[in-house]
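Structure first, commentary second.
Only a predicted model underlies this, so the values are computations on that prediction, with no experimental measurement involved. Residue indices begin at 1 and follow the sequence shown. Every number for a ligand or one of its atoms is a count from 1 in the order of the listing.
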Amino acid sequence: MSAIPNPVSYTDFYRQSIEDPEAFWGAQAKLIDWHTPPQQILDVSKPPFTRWFVGGTTNLCHNAVDRHLATRAEQAALIAVSTETGSEKTYTYAQLHQQVQCAAAVLTALGVTRGDRVLIYMPMMAQAVFAMLACARIGAIHCVVFGGFASVSLASRIEDAQPKVIISADAGSRGTRVIPYKPLLDEAIRLSAHKPSAVVLHDRGLAPMELVAGRDHLASALEARHRDTPAPCVWLEATEPSYVLYTSGTTGKPKGVQRDTGGYAVALAASMKHIYDCRPGETMFTTSDIGWVVGHSYIVYAPLLTGATTLVYEGLPTQGLDGKPNGAIWWSLIEKYKATIAFSAPTAIRVLKKQDPALLKKHDLSSLRTLFLAGEPLDEPTGRWISEGLGVPVIDNYWQTETGWPIISMVNGVERKPSKFGSPGLSVYGYKVKILHEITGEELTEPNQKGVVAIEGPTPPGFMQTVWHDDARFVNTYWSSIPGQQVYSTFDWGIRDAEGYFYILGRTDDVINVAGHRLGTREIEESISGHAGVAEVAVVGVADSVKGQVAMAFAIPKDSAIVNDPEAAKALEAELMRRVSEQLGALARPAQVRFVAALPKTRSGKLLRRAIQAVCEHRDPGDLTTIEDPTALQTIQQMVGT
Ligand code: AMP
């Protein structure tokens with residue numbers, strides 16, 4: 001490995017990462033501990049597959065926990081705050097080590113070994129983080145499923161991941177409303193062809209649980225038996241998978257994004273230094289959920305890899321520890337724990353914007369250096385409001401479940417440059433971001449031309465390795481949509497200005513983004529069309545002032561009389577909404593279901609979702625030369641009042 005010279009500017013830093021990725025990432029690899037150093041930094045012998053740090057062995061849990069014991073044993077590693085259960089608990093690195101070791105010993109006792117999958121379906125409690133780290137410790141591949149998903153979503157993930165063990169809890173809670181998990185889990189296991197051999201259940205006393213004999217175990221009982229059982233870290237190849245995280249796409253079947261071990265650790269450690277600028281011993285408060293990629297990367301792994309303290313928060317942004325409304329709870333936690341870096345989503349800020357602005361000034365936020373926002377477009381008024389209100393810079397950063405860390409951001413740990421409202425910033429080191437013409441595939445090099453945001457390989461460390469057990473899907477979905485070349489499509493539209501700042505302009509596919517969470521309209525359509533009273537349905541994402549987008553459904557009922565019978569329509573709408581909530585989770589529930597006699601389609605029978613979306617958002621539906629029956633769209637137009 002050749003040493004890279006000290007960069008003088010971000011431009012140089014970026015150039016080094018692209019021109020000599022081996023030297024660049026070889027130097028970054030020193031940010032983590034290796035059991036065996038890598039023999040080869042980068043292997044691109046089978047594009048588009050990229051392998052980083054080949055021959056190196058390491059362990060994510062060692063780097064996140066054990067490595068810090070010598071110098072930080074008594075420092076807070078994890079602070080779990082729940083405004084749902086009114087609890088607040090700090091775990092030092094020594095205590096975290098003990099908890100994780102015990103959780104790892106429990107998994108080992110249940111027969112889990114290297115390469116086995118463990119599915120985690122849990123609320124935001126400290127034990128969920130222990131479970132993830134325990135998997136990493138013994139080389140098991142964790143598959144965390146967002147606790148807001150319901151049984152059908154969960155079942156498809158169980159079936160695909162085939163976990164040996166599932167770890168769950170009695171219940172989650174939202175706005176102090178208890179959501180029992182166990183019945184949803186039991187139903188999901190019933191629906192799945194694959195059955196786990198064991199289920200471990202954490203009981204917070206929120207909801208009663210019926211245990212299935214021979215399969216279900218209370219975590220407390222297993223932990224009592226393994227309190228002192230050693231569970232050493234298993235040294236994994238850098239290229240071995242650390243986890244699979246499912247994300248929605250354009251088909252009804254979610255994709256298992258598979259991440260490696262060594263590349264991920266290096267990418268995250270480097271991002272904490274160069275992008276998030278969070279230092280060892282400091283506190284990072286990321287308000288996401290462990291069920292999403294932001295939670296994996298910036299609640300769990302990155303802060304701990306850095307030797308920082310991570311704040312794990314369960315609850316609404318507007319609720320106090322006493323369960324009563326409190327629009328300043330996050331700011332009070334930043335003050336109390338002296339957080340230096342906060343990371344949230346625009347949708348949460350739009351919720352907080354409805355609160356009294358004086359709440360932003362109620363607490364001493366002098367520790368806070370930067371607020372990062374990601375997950376969906378950050379509109380300028382929201383960005384300005386929060387930046388001015390908190391008196392700190394706000395950094396928008398653009399990335400995806402697939403990438404694991406930012407693609408486009410400001411890289412202020414290397415060089416401070418001005419942000420521009422509406423833009424997440426510049427191409428991050430390691431990423432060759434291009435704007436390509438969607439039909440010709442030609443690169444649009446002139447400023448401000450709209451095209452598809454694409455990434456040219458080799459992809460940097462931390463980027464997804466493949467789709468879990470489906471290399472063909474990885475290549476066909478992500479690397480084959482731009483004509484004439486093998487480049488990764490983000491499926492987002494974007495432009496780049498003359499100074500290299502990118503602007504993201506929405507998805508090119510049928511994926512929608514509700515409150516910063518990605519959902520496939522196809523999954524919602526499948527749930528609705530599974531109802532006996534529905535002949536056909538189209539689901540589109542429609543702009544919403546708080547959630548960014550909400551799902552809106554247009555259904556053709558089997559009984560055509562319903563179209564003109566408001567009462568029957570109301571009843572069926574309520575039934576369909578309940579169905580989506582029960583099957584997929586409340587997040588996916590459409591804001592409205594409207595009943596129509598026909599749906600707008602092309603002459604070849606393709607649903608014109610984009611035209612429907614445009615009329616719902618009072619925009620021009622664009623080119624309709626291929627439409628089969630224009631009256632179908634006109635009806636929708638009248639319904640939504642355009
Ligand atoms: P997910 O994989 O669920 O994180 O969703 C990724 C998608 O969310 C991206 O492809 C974008 O469509 C959107 N997204 C994420 N971050 C941003 C951002 N900072 N600005 C605009 N869109 C974003």
Will you find, in the side chains of [X] and [Y], an N or O donor that is under 3.5 Å from an N or O acceptor?
X    : Y    : value
Y398 : D492 : yes
S248 : E523 : yes
D470 : W468 : no

By number and element, which atoms of ligand 1 are closer than 4.0 Å to a non-hydrogen atom of [X]?
X    : result
D396 : 18 (C), 19 (N)
W399 : 6 (C), 9 (C), 15 (C), 16 (N)
N397 : 16 (N), 18 (C), 19 (N)
D492 : 9 (C), 10 (O), 11 (C), 12 (O)
T401 : 1 (P), 2 (O), 3 (O), 4 (O)
I504 : 21 (C), 22 (N)

**Q.** Selected option - heavy-atom contact closest to atom 21 (C) of ligand 1, from G516, P377, P424
**A.** P377

Q: Let me see the working for Y264 and Y243 under ring-ring contact (aromatic ring centres under 6.0 Å, His included), right down to the final yes or no.
A: CA-CA 10 Å; Y264 186 50; Y243 68 75; 5.3 Å; yes

Q.
Tell me which pairs pass salt bridge (charged side-chain N to carboxylate O under 4.0 Å, His left out) where either residue lies in residues 372-387, with sequence neighbours left out.
A.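 Only R350-E376, R350-D379, E380-R384 qualify under salt bridge (charged side-chain N to carboxylate O under 4.0 Å, His left out).
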
**Q.** Protein heavy-atom partner closest to atom 20 (N) of ligand 1 - residue, atom, separation in Å
**A.**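 Nearest neighbour among protein heavy atoms for atom 20 (N) of ligand 1, to 0.1 Å: E376 O, 3.4 Å.
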
Q: Distance to 0.1 Å, residue and atom name: give those for the protein heavy atom nearest to atom 5 (O) of ligand 1.
A: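 Answer, as residue, atom name and distance: R518 CD, 3.4 Å.
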
(Q) Show, in sequence, the C-alpha distance, side-chain angles and deciding distance for Y301 and N63, and conclude whether the side-chain hydrogen bond (donor to acceptor under 3.5 Å, both in side chains) test is met. (A) CA-CA 9 Å; Y301 288 112; N63 275 288; over 6 Å; no

Q.
For residues 415-465, which residue pairs pass the ring pair (Phe, Tyr, Trp, His ring centres under 6.0 Å) check, not counting sequence neighbours?
A.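 Every ring pair (Phe, Tyr, Trp, His ring centres under 6.0 Å) pair that includes a residue of residues 415-465, provided the two are not neighbours, is F13-Y429, F24-Y429, W25-Y429, H274-Y429, W405-Y429, W405-Y431, F463-Y488.
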
Q: Could you tell me whether some N/O pair between G375 and ligand 1 is separated by less than 3.5 angstrom?
A: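 Min N/O separation from ligand 1 is below 3.5 Å for G375.
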
(Q) Evaluate N513 for polar contact with ligand 1, using N/O atom pairs at a separation under 3.5 Å. (A)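 By distance alone, the answer is yes.
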
Q.
Angle between ring planes, H517 versus F146, binned at 30° and 60°: parallel, tilted or perpendicular?
A.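 The arrangement is tilted - the two ring planes meet at 30° to 60°.
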
